[in-house]
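Below is one structure, written out as structure tokens; comments come after it.
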Amino acid sequence: MLREGRELLTTVGNQSNLILDPDLDSYYVMSLVVLRFPELLQAVHDTVSFLNAAPSRRGSQWSSELLTLVGRLDAVMLGIESDYNQAFIAGSPEMRAALVRQREALKAAQEGFQALLQGIASGESRLTVAEVRVQEALVLGALRDAWSVGIVDLERLLNQRADSLFARMWLHLGTALVLLGCILSLVTLVARQIAKPLQQLARVADEVRKSGDHTLRAQWNSRDEIGRLVTAFNEMLSQLDRDRLLQQELAASARAAEAQRELVEAFPIPMVVTSIPEHEVLHSNAPAAQWLGGRKTDPWAAGLEPGVRARFFQRLADQGSVDEFEVRWKGSPEPSWAVLSARRLQFQGRDSVLTAFTPINVLKVMEQRLELWAKVFEASSEGIIIMNAEQQIISVNKAFCRSTHYDFYELIGEGMGSLLEEAGGEPLSAQIRRTMAEKESWQGEVRFRRRSGETYPAWLMVSAVREGKGGAVANHIGIAIDITDRKLNEERIQFLAHHDVLTELPNRSLCVQRLQMALAQAPITGEKVAVLFIDLDRFKAINDTLGHHIGDGLLRSVAARLTQAVRSRDTVSRLGGDEFVVVMRDVAGREDVQQLVERRLIPLIRQSHPVEGHELNVSCSVGIAVYPEDGSDIDELMRRADAAMYEAKTTGRDMARFYSMETDQRAVARQTMEQQLRRALERHELSLHYQPRLSAQGAQLLGVEALLRWTSPVLGSIPPSEFIPIAEETGMIRAIGSWVLQQACEQWVRWQQLVLDAGVGDAASPHPLARVSISVNLSAAQMSDPALVTDIEALLLRTGMPAHRLELEITESQLMDNAHAAEQQLAALKALGVQLAIDDFGTGYSSLAYLKRFDIDRLKVDKSFVRDMLSNPADMAITRAIIALGHTLGLRIVAEGVEDLATAQVLGALDCEELQGYHFSRPLPVPELEAWARQHQPSGAPVREAAVLA
């Protein structure tokens, strides 16, 4: 509200200052009262508001903002000082005496306020808000006093100015009345002087009317308007006398006009006589009738364009005649071209123009055709060469000069052969001459030589111009089409047909061709040929996270590194996506290939790739097959190299593998496992086993972890470590994960119906599994599924399971692959009330900055640290650090892989809250788990929930 009021006051003040500008004393006083003082009030208010509103945000940025406000206060005070100085210069000593004391007081208060603020900003002063308000009150008080005195002085100045204006007004009114009296006296005197000559003119006019004597004249000697009026009257009388003489001459003119008419009629060409300036048709002969089209007035308006008409009459006015003026006449029924010739003359006593029309339609058509051919010749985008019978150049157009870089005059007289690059054999000029003896044209691809000496390809077509039908060749006309772009396009198309567009490496087609050539020559030369299949590791994550343009840049960088890694005679090609193939000829053996791959190729790919400001790190998996040991044809070699690459990827990535017989066996086994896994859900081959999770103090059962098991009638029992990666790669993990969640929730509901057997007279107690929570592992595919939260919410609603009884476990790697998206997904899950845990903590890469932002409940220490912690000090230190970190973040700690009592006791001593491992139980099917829970229920104490689940 304060700012809006000040803006309104500023607008009014600016308009008032425009009015008061002539009186500088009132101008600067009004500037102080209306503009400067409100501005200072606003600046002080904003500064104090800033100090009151930001005590918790003080830092370097806060100090900079405060110093900015201090600078603003200083600028406002400089403006106030300037207005005071200007007002004192323009004003009176009384005004200076009235304003100077308040000015000094305001200046002193403001300087103290600024010094206080600068001390606060630099950290030298730590005043309280109350002390700042005291200084603010001093400034506002000084401002109020200066403002009040300024208003009073401004009112005094305005009253003085109003009194001055009234005095001036009465002075101007008196002067105007005196001037009005003088003007009226002067008008009366002039009127009497005008009346005398007018009376004399009236007497002379009356005498002329009565006597008919036009020689009478009025007498008046003066050079003013009256004298000119008398002179004009006398000239009018002279004109009347001359008119009588003119009537006599008209009779003679009529006889001469008749003779002119007869002369015009006798001419065979169209002739028209028109008046000037009316352009009335005074006469026309018979041939001119079709040109006039029956018009009698201004035939030029319909016959000529306005601009042409203006030029015609301008020339006639300047020269008195017009000769050979070419026009397109539109006044006849059909527009026609004509040449006009005109003369000025007197016809029947009138100023007239005699115009003769000479038709030139045939000549104009021929001229237009010549102009058209000349325009086509020069405007053609193709080079045109006109030669004589000896193939010497007579003329060329601009396009040919542009192509050859020659000037026009340099080509005239030159022989055509001097501009052509000869390819050997018969000269082209001789070929053209020989062809023209039998045919009418010759065409072919040639290379023209430019002025600089370089050449360019062109398609030349030469036609013969003969002297009459079947006569000798008189001229040659050549058309040269520059085909440089077409040649470049053909080369580019040829290149793209065999190369990848993105990396410009050979594509699959060219790779196969070169491999075929290598395999065809290998039996002859006895050389070995190696085929390397290369696939980038985790490229899809980079592509999906940073965008396809970053992925494309990475592929180009990898292509350059691969080319750098291999020999110049080797072929690096891209099959598509992030798959590359290298064909290496003349290799000594597997050791030679292995040395190049492990010492050059893989290290080069590992190095960071700068792409558009990103430093990207990527590894690759390489599969190698060597001819002739691993295959003798293309399909076999490439299939086995691909199988070896897949083995390298599944083994651990960032490595190379040679093909072996076991590679095929593992590939076949994996394919069989994939086929069986696709039908496992339909055939009910999947099941869930549950491993208990107990408290470290008291060994109370707190929860169970649902673990997936697969028993195939064909393959037998398959460990999860073998079929889970296949499910993730093929996308089946989404359906399997949804099934696991549904089965776990439904099993928890069934456990609620179980009770323990009671003795006679005792009430039945609930089963120990009725109060536990169930942990379910989520895959990366499930975490990235937008429908995950909605599906879990619907599942909990459908089964009736409380949300806090379901715990979802996610690995570190899943969280950090896309930390921002994971944070949003975890927050949505947490909003449902679901418990969250990070599984296998310590084995992956995680950022503590992100970890503290994730809304999780538990950390599960990986079993790789727990298993050997008693014998390995490093594992003990890591486990201790993870437990301490979790407690610092307010999380519960679960230790996995507890296999003996000693480990359990040490973990309890380290304040690890929950334990899980084979020391307590291996994962069990439902019936065995229920029996285990009954046997391990603590005697004498009911099963209680963990505090975190309450």
Side-chain angles (χ1 to χ4, degrees), residues 363-499 504 510 513:
L363 295 176
K364 196 63 180 178
V365 170
M366 295 299 295
E367 179 185 342
Q368 289 176 343
R369 290 189 64 186
L370 290 175
E371 289 179 356
L372 178 60
W373 283 116
K375 291 178 181 178
V376 171
F377 180 76
E378 289 298 337
S380 174
S381 60
E382 314 299 346
I384 301 176
I385 314 105
I386 300 177
M387 301 168 283
N388 59 16
E390 289 74 29
Q391 297 184 20
Q392 291 179 330
I393 296 175
I394 300 173
S395 181
V396 295
N397 66 347
K398 294 179 181 178
F400 188 76
C401 292
R402 285 196 301 268
S403 298
T404 60
H405 302 169
Y406 282 102
D407 292 328
F408 176 82
Y409 67 87
E410 294 178 306
L411 296 172
I412 303 304
E414 295 292 329
M416 184 68 175
S418 65
L419 299 177
L420 297 174
E421 181 184 53
E422 299 295 345
E426 184 181 10
L428 288 173
S429 57
Q431 294 180 32
I432 295 172
R433 187 178 296 107
R434 177 170 48 80
T435 303
M436 291 303 176
E438 302 172 359
K439 301 179 180 179
E440 296 296 323
S441 63
W442 176 93
Q443 60 180 343
E445 185 176 333
V446 299
R447 293 194 71 85
F448 276 102
R449 186 178 293 104
R450 289 193 171 99
R451 186 178 188 179
S452 61
E454 63 177 329
T455 61
Y456 69 93
W459 188 260
L460 178 63
M461 296 173 287
V462 181
S463 301
V465 179
R466 301 184 182 274
E467 295 177 349
K469 188 175 183 181
V473 176
N475 295 93
H476 295 91
I477 299 177
I479 299 178
I481 303 174
D482 189 345
I483 58 174
T484 303
D485 291 340
R486 191 185 77 184
K487 286 288 186 181
L488 293 176
N489 290 336
E490 289 175 355
E491 293 175 1
R492 181 63 179 170
I493 291 171
Q494 185 69 19
F495 179 83
L496 293 178
H498 296 91
H499 291 78
E504 296 191 350
L510 185 55
Q513 290 180 21

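Everything quoted here is computed from the prediction, not taken from an experiment. These values consider heavy atoms only, across backbone and side chains, with no hydrogens, waters or symmetry-generated copies.
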Shortest non-hydrogen contact from [X] toward [Y]:
X: Ser463; Y: Ser441; answer: OG-CB, 4.1 Å
X: Met387; Y: Gly478; answer: CE-N, 4.3 Å
X: Ala389; Y: Val473; answer: CB-O, 3.3 Å
X: Gln391; Y: Arg433; answer: NE2-N, 3.7 Å

Residues that Arg449 engages under side chain to side chain donor-acceptor pair (under 3.5 Å), provided they are two or more places apart |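 Residues passing side chain to side chain donor-acceptor pair (under 3.5 Å) with Arg449: none at all.
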Does Gln443 have any side chain to side chain donor-acceptor pair (under 3.5 Å) partners at least two apart in sequence or in another chain, and if so, which?
->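 So Gln443 forms a side chain to side chain donor-acceptor pair (under 3.5 Å) with Trp459.
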Got a sec, which pairs hit side-chain hydrogen bond (donor to acceptor under 3.5 Å, both in side chains) with one end in residues 392-403, sequence neighbours left out?
->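 Qualifying pairs: Asn388-Gln392.
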Which residue pairs pass the side-chain hydrogen bond (donor to acceptor under 3.5 Å, both in side chains) test when at least one of the two sits in residues 475-486, sequence neighbours left out?
->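 For residues 475-486, and leaving out neighbouring residues, the side-chain hydrogen bond (donor to acceptor under 3.5 Å, both in side chains) pairs sorted by first residue read Asp482-Thr484.
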Flag yes if more than 12 heavy atoms outside Met461 fall under 6.0 Å of its CE atom; otherwise flag no.
-> yes
Under a 4.5 Å cut-off applied to non-hydrogen side-chain atoms, are Leu510 and Gln513 in contact?
-> yes
Could you tell me the separation between the OG1 atom of Thr404 and the CD1 atom of Ile385, rounded to the nearest 0.5 Å?
-> 9.0 Å
Distance in Å, Ile384 CD1 paired with Ile386 CD1, rounded so as to fall on 0.5 Å steps = 7.5 Å
Tell me the ring-ring contact (aromatic ring centres under 6.0 Å, His included) pairs involving residues 382-402, sequence neighbours left out?
->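 Matches after skipping sequence neighbours: Phe400-Phe448.
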Could you give the side-chain donor-acceptor pairs of residues 408-419 under 3.5 Å, partners two or more places apart or in another chain?
{"unit_1": "Glu410", "atom_1": "OE1", "unit_2": "Asp407", "atom_2": "N", "d": "2.9"}
{"unit_1": "Glu410", "atom_1": "OE2", "unit_2": "Arg451", "atom_2": "NH2", "d": "3.0"}
{"unit_1": "Ser418", "atom_1": "OG", "unit_2": "Gly415", "atom_2": "O", "d": "2.6"}

